[in-house]
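Here the structure comes first, spelled out in structure tokens, and everything after it is commentary.
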Amino acid sequence: MPLKKELFNLPDGVIYLDGNSLGPLPKAAKNRVASMMQDEWGTQLIKGWNSAGWMAQPSRVGDAVGRLIGAPSGTTVMGDTLSVKVFQALAAALKMRPDRKVILSDSGNFPTDLYMAQGLIQMLGSGYELRVVAPEAVADTIDDSIAAVMLTQVDYRTGRMHDMKTLTELAHSGGAVMIWDLAHSAGAVPVDVAGCGCEFAVGCTYKYLNGGPGAPAFIYARQDLADSVEPALAGWLGHDAPFAFDLDYRPAPGIERMRVGTPPVIQLTALEAALEVWEAVDMSEIRAASVALQEAFIHEVEARVPALTLASPRNSAERGSQVSFRFEHGYAAMQALIARGVIGDFRAPDIMRFGFTPLYIDKGDVLAAVDHIETVMRDRLWDDPAFMTRQRVT
Ligand SMILES: *Cc1c(COP(=O)(O)O)cnc(C)c1O
């Protein structure tokens with residue numbers, strides 16, 4: 001796969017293994033945002049909503065994201081944060097199964113997904129329940145009491161990956177609505193939301209899609225449902241005719257009804273430019289290159305750094321695009337690595353996480369990173385008070 005390193009703003013001396021958490025700055029995004037500020041906002045002022053196409057941006061960018069996750073045009077829209085999109089999908093799913101009260105999820109899910117479910121059912125009252133089981137137990141827990149199965153395909157801590165097609169089929173055979181969170185999948189692994197048949201998919205765009213800190217999230221609804229989904233967040237820009245200023249809500253046709261309020265145009269502009277990098281990219285090539293990098297990394301770390309234990313599945317088919325190792329002093333070790341220019345991150349209690357993004361990481365980077373890991377561990381460079389104080393973001 002041809003590297004696209006030259007398309008990114010990567011500081012000298014840095015090996016960036018954290019694109020699974022915040023993708024680096026695409027040069028095109030930087031330039032596009034600068035020109036948008038000057039030529040659109042700065043010049044066209046409020047006319048930009050029409051003349052610069054700002055109002056159509058959430059669906060236009062939604063289609064660009066859709067191409068990377070197997071969503072047909074017109075089924076994906078951008079806006080808000082992933083937490084909000086999880087809430088929207090869940091609320092819509094529960095409406096579709098009024099005689100059922102259980103949301104099923106797993107303990108590998110990202111906390112905000114579970115919190116949003118908890119908040120929603122608290123608001124609904126009347127017997128709703130969030131059932132959280134081990135990831136391996138999901139398949140056997142699906143029964144005809146479940147209204148919605150809500151899962152994140154790739155576990156943020158370990159990279160363990162669910163089989164979307166099999167679990168969606170199981171959910172459907174139990175009569176449940178299937179919601180997939182693709183936060184660690186979009187731009188990382190080939191995804192086919194339409195092919196797997198799930199009702200909803202959601203995800204963020206600041207991780208593998210490089211949309212920048214705070215980039216808006218996406219929501220997909222299956223084509224046959226888009227006109228019947230009942231939006232719980234009935235915002236004016238999801239209305240059929242926002243500028244009629246009706247006093248009563250009437251949802252827009254199709255996926256536009258999942259819009260809420262005014263779109264974040266500057267962030268969407270950055271994201272739209274960032275997505276151009278993907279136009280000439282084949283996700284199966286990205287996947288193959290990612291697996292090759294991960295396998296090389298695991299092999300070298302296990303051979304040279306025995307203190308680290310693999311926390312990710314060993315079988316690459318069951319792993320997303322990250323590799324995690326456990327180490328008791330993982331936080332300090334990661335800080336020591338970051339000080340040497342190898343940027344990964346840490347997830348409590350003891351996980352050192354490394355993301356593999358073949359657009360801008362190659363085998364040479366992987367081998368150089370392992371050299372640093374070996375040095376940090378062999379010389380106990382992590383054992384330094386400077387690396388022990390936890391910062392707000394780990
Ligand atoms: C990163 C991530 C989030 C973050 O949600 P925001 O609302 O964008 O902060 C949510 N869920 C999962 C599964 C994630 O990986």
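Just so it is clear, the values below take in all heavy atoms, side chains as well, and ignore hydrogens, waters and symmetry mates. Atoms within a ligand are numbered from 1 in the order they appear, just like the ligands themselves.
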Quiz item: Side chain, backbone, both or neither: which part of L82 comes within less than 4.0 Å of ligand 1 when only heavy atoms are counted?
Solution: both
Identify the protein heavy atom lying closest to [atom], giving its residue, its atom name and the separation to 0.1 Å.
atom	value
atom 11 (N) of ligand 1	D113 OD1, 2.8 Å
atom 12 (C) of ligand 1	F110 CB, 3.4 Å
atom 7 (O) of ligand 1	S83 OG, 2.6 Å

Looking at [Y], is its backbone amide N or carbonyl O close enough to the side chain of [X] to form a donor-acceptor pair, meaning the two atoms are under 3.5 Å apart?
X	Y	result
N31	A28	no
R287	G320	yes
S73	D63	no

Quiz item: Any N/O of Y206 closer than 3.5 Å to an N/O of ligand 1?
Solution: yes
Quiz item: Quick check: does H184 get an N/O under 3.5 Å from an N/O on ligand 1?
Solution: yes
Report, in ascending order of atom number, the atoms of ligand 1 lying under 4.0 Å from any heavy atom of [X].
X	result
T152	13 (C)
T112	5 (O), 10 (C), 11 (N)
D181	11 (N), 12 (C), 13 (C)

Quiz item: Measuring from the heavy atoms of K207, does anything fall under 4.0 Å of ligand 1?
Solution: yes
Self-check item: Validation row: M334, F354 side chains within 4.5 angstrom (heavy atoms)
Solution: yes
Practice problem: Establish, from distance only, whether the side-chain atoms of S51 and E40 form a donor-acceptor pair under 3.5 Å. | Solution: no
Self-check item: Chi angles and distances behind the salt bridge (Lys or Arg N to Asp or Glu O under 4.0 Å) call for E300, K363
Solution: CA-CA 11 Å; E300 291 296 314; K363 180 102 183 270; over 6 Å; no
Quiz prompt | Mutual orientation of the aromatic rings belonging to F356 and F297 [parallel < 30°, tilted 30-60°, perpendicular > 60°] | solution =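 Tilted.
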